[in-house]
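Reviewing the structure listed below.
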Number of protein chains: 2
Amino acid sequence: MMVSTKGRYALTVMVDLARNEGDGYVSLSDIAERENLSMKYLESIISILNKGGMLMSLRGKNGGYKLAREPKDYNISEILLLTEGTLAPVNCIMQEGVQCEKAATCSTLPLWAGLDKAIEGYLSAITLEDIITGNRKKMLGDYCESCAPDGKAE
Amino acid sequence: MMVSTKGRYALTVMVDLARNEGDGYVSLSDIAERENLSMKYLESIISILNKGGMLMSLRGKNGGYKLAREPKDYNISEILLLTEGTLAPVNCIMQEGVQCEKAATCSTLPLWAGLDKAIEGYLSAITLEDIITGNRKKMLGDYCESCAPDGKAE
DNA sequence: ATAAATCCTACTCTGTTAGTAGGAATATGT
DNA sequence: ACATATTCCTACTAACAGAGTAGGATTTAT
């Protein structure tokens with residue numbers, strides 16, 4: 001598994017915030033209740049988003065969080081990268097030039113590098129706004145089987 | 001991390017077998033020595049490949065393994081799927097119609113489904129032969145930064 | 001002052017990963 | 001027949017990561 005609940009919930013939080021933008025600062029307890037997730041756990045996740053500059057926060061009564069930018073200005077890759085640490089599909093692909101010592105002769109490395117690129121490419125092309133507006137074409141292509149398990153196209 | 005050493009070593013084994021095809025059956029100890037991996041661990045991995053019909057095996061002295069088909073007739077997706085169990089990037093995407101109960105209303109599901117599709121698409125387009133022959137264009141596209149960490153294109 | 005919120009540190013429980021260990025079954029060469 | 005080289009099979013273990021929980025300190029609006 002590449003994306004844990006941490007990254008998934010982080011995205012859920014971002015989507016929830018985007019949907020409730022107008023309301024000023026949104027409290028974590030509201031988000032946790034709406035999304036039916038543990039508030040304590042979300043706390044640790046939203047803290048990463050906040051420190052990473054994705055959010056603005058206000059402490060004290062009536063405090064909470066809101067998006068630092070507009071939904072269209074977040075891509076999914078950056079949200080997941082921040083919370084997960086890496087999106088690399090294998091250990092041999094690591095950040096910034098750090099390489100396996102066999103890299104020069106490894107015949108499978110180009111495969112992993114290519115897979116990494118494919119993942120990065122997909123995720124960085126999609127914005128938070130695409131998710132809010134349900135831009136299925138962008139996310140799934142023209143037709144998505146996995147969305148129609150009963151055999152009917154949507 | 002989506003692909004563990006299990007899947008990675010499985011691919012390494014397949015590549016090693018493809019490279020040493022002419023020699024009839026190849027023993028596990030030869031592979032382990034060449035690839036510098038624990039033979040005992042490889043044993044458990046190659047057993048999965050064998051039971052999954054990817055290999056032919058011969059017991060006893062001079063025994064070993066060889067590919068059941070030609071390298072061009074294996075795609076990477078099937079090798080990894082067999083050994084890893086799943087390639088799904090998240091828990092909400094599972095096999096054959098099994099779905100999260102919130103699936104119908106989940107706004108992030110299309111993203112995960114699309115990512116899964118992108119991964120599957122990439123991996124199933126590449127064959128074992130592509131790896132043997134070092135088909136970088138197919139694996140990496142026209143230019144690969146991660147292959148030239150010193151800043152020079154190859 | 002009180003209540004409602006973020007912020008911070010530390011802990012725990014569980015499952016997965018990455019192996020290791022030991023031996024049984026099978027085939028070959030001498 | 002026998003020693004040897006191999007696959008095959010079951011079980012075990014140590015370390016790490018994932019998924020939270022717990023408790024309280026700090027800040028701000030009313």
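Lettering of chains follows the sequences in order, A, B, ..., and the numbering in each one begins at 1. No hydrogens, no waters, no symmetry mates; every other heavy atom, side chains included, goes into these values.
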Take atom CD1 of A/Ile31 and atom P of C/dA5, then tell me their distance rounded to the nearest Å. 12 Å

Side-chain contact, heavy-atom cut-off 4.5 Å: B/Asp30 with B/Arg34? yes

Report the distance from atom CG of B/Asn36 to atom C1' of C/dG19, rounded to the nearest whole Å. 15 Å

Protein-nucleotide distance (B/Leu28, atom CG; D/dT6, atom P), rounded to Å: 10 Å

Under 4.0 angstrom, heavy atoms only, what part of the nucleic acid is A/Tyr25 near: base, sugar-phosphate, or nothing? nothing

Side-chain N or O of A/Thr5 less than 4.0 angstrom from OP1 or OP2 on D/dA19? yes

Can you find a side chain N or O atom of A/Tyr9 that sits less than 4.0 Å from OP1 or OP2 on D/dG18? no

Just checking, is any N or O donor in the side chain of A/Ser124 or A/Glu78 under 3.5 Å from an acceptor N or O on the other one? no

Apply the test side chain to side chain contact (heavy atoms under 4.5 Å, CB included) to residues A/Asn75 and A/Ile126: give CA-CA distance (whole Å), side-chain angles for both, the deciding distance (0.1 Å), then the verdict. CA-CA 6 Å; A/Asn75 73 66; A/Ile126 295 178; over 6 Å; no

Taking atom C1' of D/dT10 as reference, at what distance in whole Å does atom NZ of B/Lys40 sit? 11 Å

Do we see a donor-acceptor contact under 3.5 Å between the side chains of B/Asp130 and B/Thr127? yes

Is it true that, when you exclude B/Lys6 itself, more than 12 heavy atoms of the residues, nucleotides or ligands shown sit nearer than 6.0 Å to its NZ? no

Check whether any side-chain heavy atom of B/Thr83 sits under 4.5 Å from a side-chain heavy atom of B/Tyr9, and report yes or no. no

Side chain of B/Tyr41 only, heavy atoms from C-beta on: which candidate in C/dC8, D/dG20, C/dA18 is closest? C/dA18

Closest to the A/Ser38 side chain: C/dT20, C/dT6, D/dG20? D/dG20

I want to check one thing: is the phosphate of C/dA27, taken as OP1 and OP2, less than 4.0 Å away from some side-chain N or O of B/Asn62? no

Does a side-chain N or O from A/Ser4 land closer than 4.0 Å to OP1 or OP2 of D/dA19, or not? yes

On DNA chain C, check which nucleotide each of B/Met39 and A/Val26 is closest to and give me the residue with the more 5' one. A/Val26

To the nearest angstrom, how far is B/Leu37 atom CG from C/dA18 atom P? 12 Å

Taking side chain to side chain donor-acceptor pair (under 3.5 Å) as the definition, give me every residue that meets it alongside B/Arg59, ordered by chain and number, with sequence neighbours left out. none

Can you measure B/Glu43 atom CD to D/dA11 atom P for me and round it to whole angstrom units? 16 Å

d(CE, B/Met2; P, D/dG18) in whole Å: 14 Å

What's the CG-C1' distance between A/Asn91 and D/dA17, to the nearest Å? 12 Å

At a heavy-atom distance below 4.0 Å, what parts of residues 45-61 of chain B sit against DNA chain C? B/Arg59, B/Gly60, B/Lys61

